[in-house]
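Here is how names work: the chains are called A, B, and so on, in the same order as the sequence lines, proteins then strands, and each is numbered from 1.
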Protein chains: 2
Amino acid sequence: MIRNECRHCSVKSKAAKKLKDAETESLSFNCALTSFKKGHVLIKQGMLSTNVVYLRSGLIKLHIEGPYGDQIVRIVKAPGYLGLPTTFGDKINQYSITAIDEVEACFIDITTFRNLLYSNPDFSYEIIIDICRNELEIYNRCVNRSQKQIRGKIADVILEMAGPIYDSDSFTLPISQEEIGNLIDSSRESVSRILAEFEKDKIISVSGKKIEIKKRESLLMISAKG
Amino acid sequence: MIRNECRHCSVKSKAAKKLKDAETESLSFNCALTSFKKGHVLIKQGMLSTNVVYLRSGLIKLHIEGPYGDQIVRIVKAPGYLGLPTTFGDKINQYSITAIDEVEACFIDITTFRNLLYSNPDFSYEIIIDICRNELEIYNRCVNRSQKQIRGKIADVILEMAGPIYDSDSFTLPISQEEIGNLIDSSRESVSRILAEFEKDKIISVSGKKIEIKKRESLLMISAKG
DNA sequence: TAAAAAGTGTGATCCAGATCACAAACTTAC
DNA sequence: GTAAGTTTGTGATCTGGATCACACTTTTTA
């Protein structure tokens with residue numbers, strides 16, 4: 001399963017540029033870049049964790065088992081770090097991370113990760129920026145989830161898949177309709193009905209899990225009007 | 001309005017201990033600790049921001065104007081930093097921060113704040129821990145908001161007020177019923193009805209905005225069963 | 001301290017979307 | 001390739017909570 005060794009795989013962009021300076025030593029570590037297939041659980045809610053996950057490629061879902069079943073909080077695309085909160089708090093994972101696509105990732109020991117943060121301000125800075133972005137994303141998602149109705153939320157999911165996630169108007173849904181329901185707080189049946197409706201209105205075409213956007217403007221309108 | 005000068009007011013706990021060492025210089029800055037009264041807007045959605053806010057004391061609400069009105073994302077108690085995302089992203093505030101209590105805060109220039117992060121790993125580390133905690137909080141809030149029904153959500157609000165926020169079974173609600181609605185995604189009328197119900201069942205006693213918890217176990221039960 | 005504005009209580013009505021109940025299609029596994 | 005499991009489609013019914021409507025109370029303002 002292991003594909004190759006991934007030296008400094010976590011140190012990218014600005015931080016990476018500084019690898020030549022005095023701090024190089026403390027930034028060096030090896031981690032095994034491993035690939036996992038769809039469905040693999042990288043982080044399991046309720047379990048003790050001693051690693052941060054660096055997601056090199058692929059898609060994951062961050063989901064929480066709530067009082068009434070599983071809820072997908074968000075879908076995250078590589079690259080990025082996962083499981084940071086556990087690095088600091090009580091180390092029991094508060095959520096699960098599951099691959100919803102073929103995924104490449106490596107596990108970085110918490111201590112190594114902490115040293116990295118301490119020894120490299122650029123790295124810390126990047127992490128902070130990253131988490132802040134997440135924070136904004138989740139705030140907006142919260143507002144959308146509660147203020148829009150199903151049609152608008154499904155339009156959003158489709159646009160997000162086409163846009164940030166797959167970068168194409170034609171893509172294969174990486175999750176089931178039930179999971180879409182868990183992502184937008186609605187039932188499997190409603191998702192099915194709305195998708196059928198969109199298809200009937202020639203806004204999208206559906207064949208199995210393949211979706212193609214036919215009228216992007218319509219989706220944008222539906223998304224905007226709540 | 002200015003109460004006093006607040007040297008190093010942002011550098012607390014571990015980071016503060018290191019003030020004597022070589023990095024002291026870069027950590028030194030003055031900021032005016034100011035007090036604001038209830039309703040004062042510290043950060044305004046849509047406006048350009050060049051400051052991070054350090055909240056020294058008091059309570060604020062973080063709220064977002066969505067497609068269908070204002071939604072309170074969360075209520076935050078001092079101490080802590082506010083408005084971090086704006087420090088990095090496009091500098092346009094994505095949300096508003098409004099005092100819902102008498103509040104003491106100071107504004108730290110973004111550049112100063114960045115230097116602080118760069119020059120002090122302990123400080124960066126604390127900030128990361130802090131943001132991670134927020135992240136978890138907001139994830140859980142998301143799940144609760146969508147999986148529980150009104151009774152459960154109101155029970156949660158009351159318990160949160162009594163617990164983390166005021167540390168007493170008897171407190172004065174810092175927000176209106178309408179705002180509680182905006183916090184838990186429900187209407188003003190429903191909040192009113194549920195509070196009346198709780199009072200009738202002798203779970204709480206209400207007089208104006210004063211609330212006293214009579215049967216904490218009942219609230220916990222209501223919260224738990226969704 | 002009176003008038004205006006903001007906040008609250010409570011009934012009556014309505015509706016988006018959940019839930020139920022099956023049938024059909026698609027995926028795995030042996 | 002057939003049986004078992006999983007995912008989807010679609011009607012019929014039900015319901016939590018929104019919305020409307022209006023009286024009452026508390027707070028703010030001038």
A:R193 meets the salt bridge (Lys or Arg N to Asp or Glu O under 4.0 Å) criterion, sequence neighbours left out, with none
May I ask you to decide if the ring planes of B:Y54 and B:Y81 are parallel, tilted or perpendicular, using 30° and 60° as cut-offs? tilted
Tell me: CD of B:Q177 to P of D:dC24, nearest whole Å? 18 Å
All side-chain contact (heavy atoms from CB on, under 4.5 Å) counterparts of B:S187, not counting sequence neighbours: B:E189, B:S190
Are A:L59 and A:I165 close enough, and set up right, to give a side chain to side chain contact (heavy atoms under 4.5 Å, CB included), and what steps lead you there? CA-CA 8 Å; A:L59 273 186; A:I165 294 183; 3.7 Å; yes
Check each residue of residues 186-201 of chain B for a non-hydrogen atom within less than 4.0 Å of any atom in DNA chain D, then write out the ones that pass by number, or none. B:S186, B:S187, B:E189, B:S190, B:R193
Salt bridge (Lys or Arg N to Asp or Glu O under 4.0 Å) involving B:E160 - partner list, sequence neighbours excluded: B:R141
When you measure from the side-chain N and O atoms of A:K209 to the phosphate of D:dT7, is any distance below 4.0 Å, counting only OP1 and OP2? no
Between C1' of D:dG16 and CD of A:Q149, the distance in whole Å: 16 Å
Whole-Å distance, B:K38 NZ to D:dT27 P, equals 11 Å
Angle, rounded to 10°, between the helical axes spanning five pairs at each terminus of the helix from C:dT1-D:dA30 to C:dC30-D:dG1? 60°
Terminal contacting nucleotides, 5' and 3', DNA chain C versus chain B (heavy atom, 4.0 Å): C:dG7 to C:dA12
For B:K153, report the nucleic acid contact type (base, sugar-phosphate, nothing); a contact means any heavy atom under 4.0 Å. nothing
N/O donor to acceptor pairs below 3.5 angstrom from side-chain atoms of residues 204-218 of chain A, sequence neighbours left out:
unit_1, atom_1, unit_2, atom_2, d
A:K215, NZ, A:D201, O, 3.4
A:R216, NH2, A:D169, OD1, 2.8

Take the protein atom CG of B:N182 and the nucleotide atom P of D:dG17, then report the distance between them rounded to whole Å. 17 Å
Taking atom C1' of D:dG17 as reference, at what distance in whole Å does atom CD1 of B:I184 sit? 11 Å
Mind checking salt bridge (Lys or Arg N to Asp or Glu O under 4.0 Å) for A:K44 and listing every partner two or more places apart, or none if nothing turns up? none
Keeping to residues at least two apart or across chains, list the side-chain hydrogen bond (donor to acceptor under 3.5 Å, both in side chains) pairs with something in residues 142-155 of chain A. A:S146-B:Q71, A:S146-B:D185, A:K148-A:D156, A:K148-A:S223, A:R151-A:E197
By side-chain contact (heavy atoms from CB on, under 4.5 Å), which residues pair with A:N93, not counting sequence neighbours? A:I43, A:M47, A:S49, A:T86
Restricting to salt bridge (Lys or Arg N to Asp or Glu O under 4.0 Å), what partner residues turn up for A:E178, sequence neighbours left out? none
Separation of D:dT15 C1' from B:R151 CZ (nearest whole Å): 16 Å
Tell me which pairs pass ring pair (Phe, Tyr, Trp, His ring centres under 6.0 Å) where either residue lies in residues 128-156 of chain A, with sequence neighbours left out. A:Y139-B:Y95
